[in-house]
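Encoded as structure tokens, the structure appears first; notes follow it.
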Amino acid sequence: HMPRLKNIDPASAPGPVKEIFDGPLKGKHFNIFKAMANSTAALKAYLGLAGAVGGPDALLTAAEREVIQLVVGEANGCGYCVAAHTALGKGAGLTEEQTVAARQGSVPGDARLDALAKFTAALVEKKGWVTDEDVAALRDAGFNDGHIAEVVANFALATFTNYFNHVNETEVDFPAAPALV
């Protein structure tokens with residue numbers, strides 16, 4: 001199936017988009033960004049949120065952020081995001097087994113990542129209306145109020161990219177994620 005939005009060629013992109021492809025997205029000319037580049041504002045929205053939650057002020061580790069992406073991507077059925085975040089998750093130190101487990105809403109053998117995966121799964125399932133118990137379980141695993149605020153920001157980023165790919169039917173340009181048994 002062909003993507004619904006045209007892919008913008010980074011080499012011939014209009015000024016502001018070309019600056020983004022030559023700057024923050026240098027070496028990351030993936031199909032999601034080429035399609036998002038139809039709107040400078042959409043691309044900047046992605047970069048702003050991704051840059052903030054992945055930047056120097058971030059409290060969550062790269063591996064923790066990837067767990068959130070994997071939980072949400074699988075829950076939303078986004079094959080593109082699951083493939084991308086399986087690769088990025090392994091780059092952030094998750095084992096392939098952990099990436100598969102996270103997609104199913106838990107990470108056995110790592111109490112902190114497991115609590116994060118379970119909380120993120122609850123966030124998706126309950127559309128944000130998590131219980132006091134859900135929050136307490138996350139706190140018990142060592143997450144503070146700042147971490148919890150960032151979980152929601154990362155969830156928003158994942159939802160943005162998942163839904164964008166659903167609308168666009170973005171062609172996957174990452175290695176396929178392992179099938180869930």
Side-chain angles (χ1 to χ4, degrees), residues 1-94 96 99-100 102-103 116-117 120-121 123-124 127-128 147 149-180:
H1 199 284
M2 290 295 293
R4 291 178 171 142
L5 308 181
K6 69 180 185 275
N7 272 357
I8 302 299
D9 177 4
S12 59
V17 170
K18 186 163 179 21
E19 287 170 30
I20 291 169
F21 277 123
D22 291 346
L25 291 180
K26 191 175 178 68
K28 297 178 183 170
H29 294 176
F30 300 118
N31 287 338
I32 184 176
F33 302 136
K34 291 181 197 170
M36 211 176 265
N38 282 287
S39 164
T40 304
L43 196 58
K44 284 182 173 176
Y46 168 82
L47 288 169
L49 189 47
V53 298
D57 298 324
L59 301 172
L60 295 173
T61 67
E64 289 166 349
R65 294 192 307 270
E66 294 304 325
V67 165
I68 295 167
Q69 288 283 345
L70 287 161
V71 171
V72 178
E74 185 66 38
N76 285 330
C78 184
Y80 189 98
C81 290
V82 167
H85 291 287
T86 294
L88 293 166
K90 290 196 278 195
L94 298 175
E96 186 163 288
T99 69
V100 171
R103 289 164 55 199
L116 179 60
T120 304
L123 197 56
V124 174
K127 299 189 185 318
H147 294 115
E150 272 181 41
V151 170
V152 181
N154 279 275
F155 166 83
L157 176 63
T159 304
F160 176 27
T161 57
N162 290 180
Y163 285 21
F164 181 86
N165 287 319
H166 294 344
V167 169
N168 185 45
E169 298 189 345
T170 310
E171 190 178 338
V172 179
D173 51 357
F174 285 87
L180 296 183

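Here the side chains of Lys34 and Leu5 are not in contact, with every heavy-atom distance at 4.5 Å or above. Within the 4.5 Å cutoff, the side chain of Leu157 has no heavy atoms near those of the Val72 side chain. Side-chain contact between Leu60 and Ile68 is present, with heavy atoms from C-beta onward closer than 4.5 Å. The shortest distance between side-chain heavy atoms of Leu94 and Val67 falls below 4.5 Å. Put simply, the side chain of Val124 reaches to within 4.5 Å of the side chain of Phe155, judged on heavy atoms. Residues Asn7 and Glu171 are not in side-chain contact: their nearest non-hydrogen atoms beyond the backbone lie 4.5 Å or more apart. Residues Thr161 and Cys78 are not in side-chain contact: their nearest non-hydrogen atoms beyond the backbone lie 4.5 Å or more apart.
A distance of 10.5 Å separates OG1 of Thr99 from CD of Glu74, quoted to the nearest 0.5 Å. To the nearest 0.5 angstrom, His29 atom NE2 is 13.0 Å from Ile8 atom CD1. The distance from atom CD of Gln69 to atom OG1 of Thr159, rounded to the nearest 0.5 Å, is 8.5 Å. To the nearest 0.5 Å, atom OG of residue Ser12 and atom CZ of residue Phe21 are 10.0 Å apart. Here the CD-CG distance, from Glu64 to Leu59, works out to 9.5 Å after rounding to the nearest 0.5 Å.
What you find for Val82 and Arg103 is that their closest heavy atoms are CG1-NE, 3.3 Å. Between Met36 and Ala42, the closest heavy-atom pair is SD-O, 3.9 Å. Of all non-hydrogen atoms in Ala176 and Ala83, the two that sit nearest each other are CA-CB, 4.5 Å. The minimum heavy-atom distance between Ala13 and Lys18, with the atom names listed, is O-CB, 3.6 Å. Closest of all the heavy-atom pairs between Ala87 and Phe174 is CB-CD2, 4.3 Å. What you find for Ala102 and Val71 is that their closest heavy atoms are O-CG2, 3.1 Å.
Remark: Asn154 pairs with no residue by the side-chain hydrogen bond (donor to acceptor under 3.5 Å, both in side chains) rule, at least two apart or across chains. Applying the side-chain hydrogen bond (donor to acceptor under 3.5 Å, both in side chains) criterion to Thr170, with sequence neighbours excluded, gives Asn165, Asn168. Partners of Ala58 according to the side-chain contact (heavy atoms from CB on, under 4.5 Å) rule, which considers only residues two or more places apart in sequence or in another chain, are Arg65, Glu150.
Centroid-to-centroid, the aromatic rings of Phe33 and Tyr46 come within less than 6.0 Å.
Judged by distance alone, with hydrogens and angles left aside, the side-chain atoms of Arg4 form no donor-acceptor pair with the main-chain N or O of Glu169 at under 3.5 Å. In this structure, the side chain of His166 engages the main chain of Asn76 through a donor-acceptor pair within 3.5 Å.
Side chain to side chain, Asn162 and Tyr80 fail the donor-acceptor criterion of an N or O pair below 3.5 Å.
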